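Notes follow once the structure below has been shown.
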Amino acid sequence: MSVLIKGGRIVTAADDYVGDVFIDNGTVSLLGESLDVSADKVIDAAGKYVIPGAIDPHTHIEMYFGGTTTCDDFTSGTVSAAFGGTTTLIDFCMQTPGDTFAQALEKYFEKIDRCKPVIDVGFHIGVTDLHTGGTLEDLAKLPAEGVTSYKLFMAYKGAVMVDDDTLFRTMETAADTGAIVMVHAENGDAIDVIVKRAVAEGKKEPIWHARTRPMETEAEATNRAVQLARVAGCRLYVVHVSCQPAVEPIALAREKGWDVWGETCTQYLFIDDSALDQPGFEGGKYVYTPPPRPKDQQAHLWKALGSDVLSVLSTDHCPFKWPEQKGINGEEFQVIPNGGPGIENRLHMLHHFGVREGRISMNRFVELTSTNVAKLFGLYPRKGTIAPGSDADIVVWDPEKALTISASTHHSNVNYNLFEGTQVRGAPDVVLVRGQVIVEGDELVGKPGDGEFVKRARVGEELLPAGRVATPA
Ligand code: URP
Ligand code: ZN
Ligand code: ZN
C-alpha cells in the first residue's frame, strides 16, 4: 500500500518546508516538491501541517490504582490518543508487589492482546518491589526485550512507593544496562505525615489534596533523584514536573551538563489549585498527583518548556469515571484515586495556547510532543521525525479546524474532561500509523490490532527501520 501526502507544510523538530511525502509499505520513502509518483491513496494537505505522529510516554491504561482500575483499555485509550494525533504511547507496565518482572510483562501483554491497540505501544517497567518478587538480575534482562525504561515512585507510601535503597540499586542497574530511570518525585514519607495530621484535624475536602502536598516535597525528591542518578551514572527523567521549585534542580543539573531530563503534563499548564476548591465533590475530578498548583506556576512551566529545561509534554492519562470511580472509597481527599484524563487533547491545547498564541514555535511543538520523546526513549529515528526510512507515523494537522474540547467530543471511556468547554483551533485531519490511515476527519478508519508492540533501543543506541538497533559512532 502506498500513500502520497501532497503539498503540505512539513514540519519536524528541525525543518519547515512545503512538499510531498511518499509512503511505501509503511515507511517514508521519498520527500520532495511535486513528486512525480503514483500512489494507492493521495491525501491533499494544502494549507495543513504534516508532522510526525505524537508520542505519549506517560499513560496509565487499564491500571489498578487506588482501589479501582483506570477506565480505558488499550483499545479505547489508543483510539482516543489517535483522535488527538498520538501514534505511539509508552505505558507503565506496573509490577504488582510480589510479582516478578516477567509476570508483570505477561499481564500487560495479555492486556494488549485482549484489547488490541490501534496505535503502537511500548512499555516502561514500573518497579515497586525488589524484595519479594523482582530481582535486579531480572530487571537487567528487560532492555534486551525492548523495555528500556525503569519507573519508580518516590511517593504513594504503603502502595507503590519505593525506598532509596530500591531507587539507587535500580539506578545502578540502569547505568549498567543502558536503561533510563523515570521517577515520580515527591517525598512520600513527609507527605504521609502531613496527610495524616490533616485527616486527624478533620479535613476532608478535595482542596486538602493540594494543601498536604507542598511544592517543596516535590522539589526535595526531585533533587534527591538528580543527585542519586549522578552517583549511579544513569540517565534520569523526572515525570510530571508541576512547579518551579521542582524545575530548579533539573535546570541546575542540565546547566552542569548532567544527563537529566524533565517533562510536564498538559494539565499543569492550564489547571490551578482553585479547581480543587469547588462545592461538593466537583473538586474530586482534579485529584491527581502532583496536585494542581497555584496559577503563577504555569508561567514558570511555559518558560521551562521554551528553554528546554523541560523537554517533553506528556498527558499522565489516568482516567477514572466521576463520581463513581473517583468516589469509590468515599469523598475524603485522602482516599480519592489519584489521576486525571487527557490522552486526546494534549496537541489541541499545546497547539492553540502554545503555537497560536506565540509561546512556542511549530518546530518546538513537534519536539516536545514527538521528537524528544523518541530520542529519550529509544524510538528515534524510526519514530519522531519524517525522514526516508522512518515509520510513516504522520499527522496531517489542520491549523484552522475549530473544536470545543469536551467529554462529549473525546473518544476515551472517561465521562469528564479536565478542559471541558475550552475552544481551540487546530486538530488532526488525517492520522497515519506506519502508513495506514487510522483517523480521517471525524471517522475512525483503523481497527484494533493495527497498532503493534514496539521494542525500544537503549540509551546511546538508535532504533532503525524494522526494529534494527545501531550504536552511532
Ligand atoms: O495522579 C496521578 N498522576 N496518577 C497516576 C499515577 C502517577 O502518579 O503518575
Ligand atoms: Zn506519578
Ligand atoms: Zn502517571
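Source: prediction; values computed, not measured. Read the numbers this way: they start at 1 and go in the same order the structure lists the ligands and their atoms.
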Minimum-distance N/O/S atom that His184 presents toward the Zn ion (ligand 2):
ND1
How are the rings of Phe153 and Tyr156 set to each other: parallel, tilted or perpendicular (split at 30° and 60°)?
tilted
Identify, by name, the N, O or S atom of Asp316 lying closest to the Zn ion (ligand 3).
OD1
May I ask you to list the atoms of ligand 1 that are less than 4.0 angstrom from any heavy atom of Gly339?
1 (O), 2 (C), 4 (N)
Could you go through His317 and Asp72, starting from their C-alpha distance and side-chain angles, then the distance that decides it, and tell me whether this counts as side chain to side chain donor-acceptor pair (under 3.5 Å)?
CA-CA 9 Å; His317 181 70; Asp72 275 317; 2.8 Å; yes
Less than 4.0 angstrom from a charged side-chain N to a carboxylate O is my criterion; do Arg224 and Glu220 meet it?
yes
Within a reach of under 6.0 Å around NZ of Lys204, are more than 12 heavy atoms found that belong to other residues, nucleotides or ligands?
no
Need the ligand 1 atom indices (1-based, order shown) with element for anything under 4.0 Å from a heavy-atom of Phe153.
7 (C), 8 (O)
For atom 1 (O) of ligand 1, what's the nearest protein heavy-atom neighbour? Residue, atom name and distance, please.
Thr289 N, 2.8 Å
For Cys318, the ligand 1 atoms whose distance to one of its heavy atoms is below 4.0 Å:
4 (N), 5 (C)
Below 3.5 Å, N or O to N or O, backbone or side chain included: is there any such pair between Lys151 and ligand 1?
no
Could you pull out the closest heavy-atom pair between Val395 and Pro428, with the gap in Å?
CG1-CB, 3.9 Å
Quick one: nearest non-hydrogen protein atom to atom 9 (O) of ligand 1, plus distance?
His60 NE2, 3.1 Å
Where is the nearest protein heavy atom to atom 4 (N) of ligand 1: which residue, which atom, and how far?
Asn338 O, 3.1 Å
Pairs of nitrogen or oxygen atoms closer than 3.5 Å, one from Tyr288 and one from ligand 1: do any exist?
no
Which heavy atom of the protein is the closest neighbour of atom 7 (C) of ligand 1, given with residue, atom name and distance?
Tyr156 OH, 3.5 Å
Closer than 4.0 Å to some heavy atom of Asp316 - which atoms of ligand 1 meet that?
2 (C), 3 (N), 5 (C), 9 (O)
Assess His58: does it contribute an N, O or S atom lying under 2.8 Å from the Zn ion (ligand 3)?
yes
Pair Phe65-Phe320, ring-ring contact (aromatic ring centres under 6.0 Å, His included): steps then yes or no:
CA-CA 10 Å; Phe65 200 59; Phe320 299 111; 7.0 Å; no
Using modelled atom types and a 3.5 Å cut-off, is there a donor and acceptor pairing between side-chain atoms of Thr409 and backbone atoms of Thr404?
yes
Steps toward side chain to side chain contact (heavy atoms under 4.5 Å, CB included) verdict (Cys71, Glu324):
CA-CA 11 Å; Cys71 64; Glu324 56 268 45; over 6 Å; no
Please determine whether any non-hydrogen atom of Phe92 lies less than 4.0 Å from an atom of ligand 1.
no
Which atom of His60 is nearest the Zn ion (ligand 3), counting N, O or S only? It is NE2
N-O pairing of Glu110 and Lys107 below 4.0 Å
no
For Trp261 and Asp259, which heavy atoms make the closest approach, and how far apart are they?
NE1-OD1, 2.8 Å
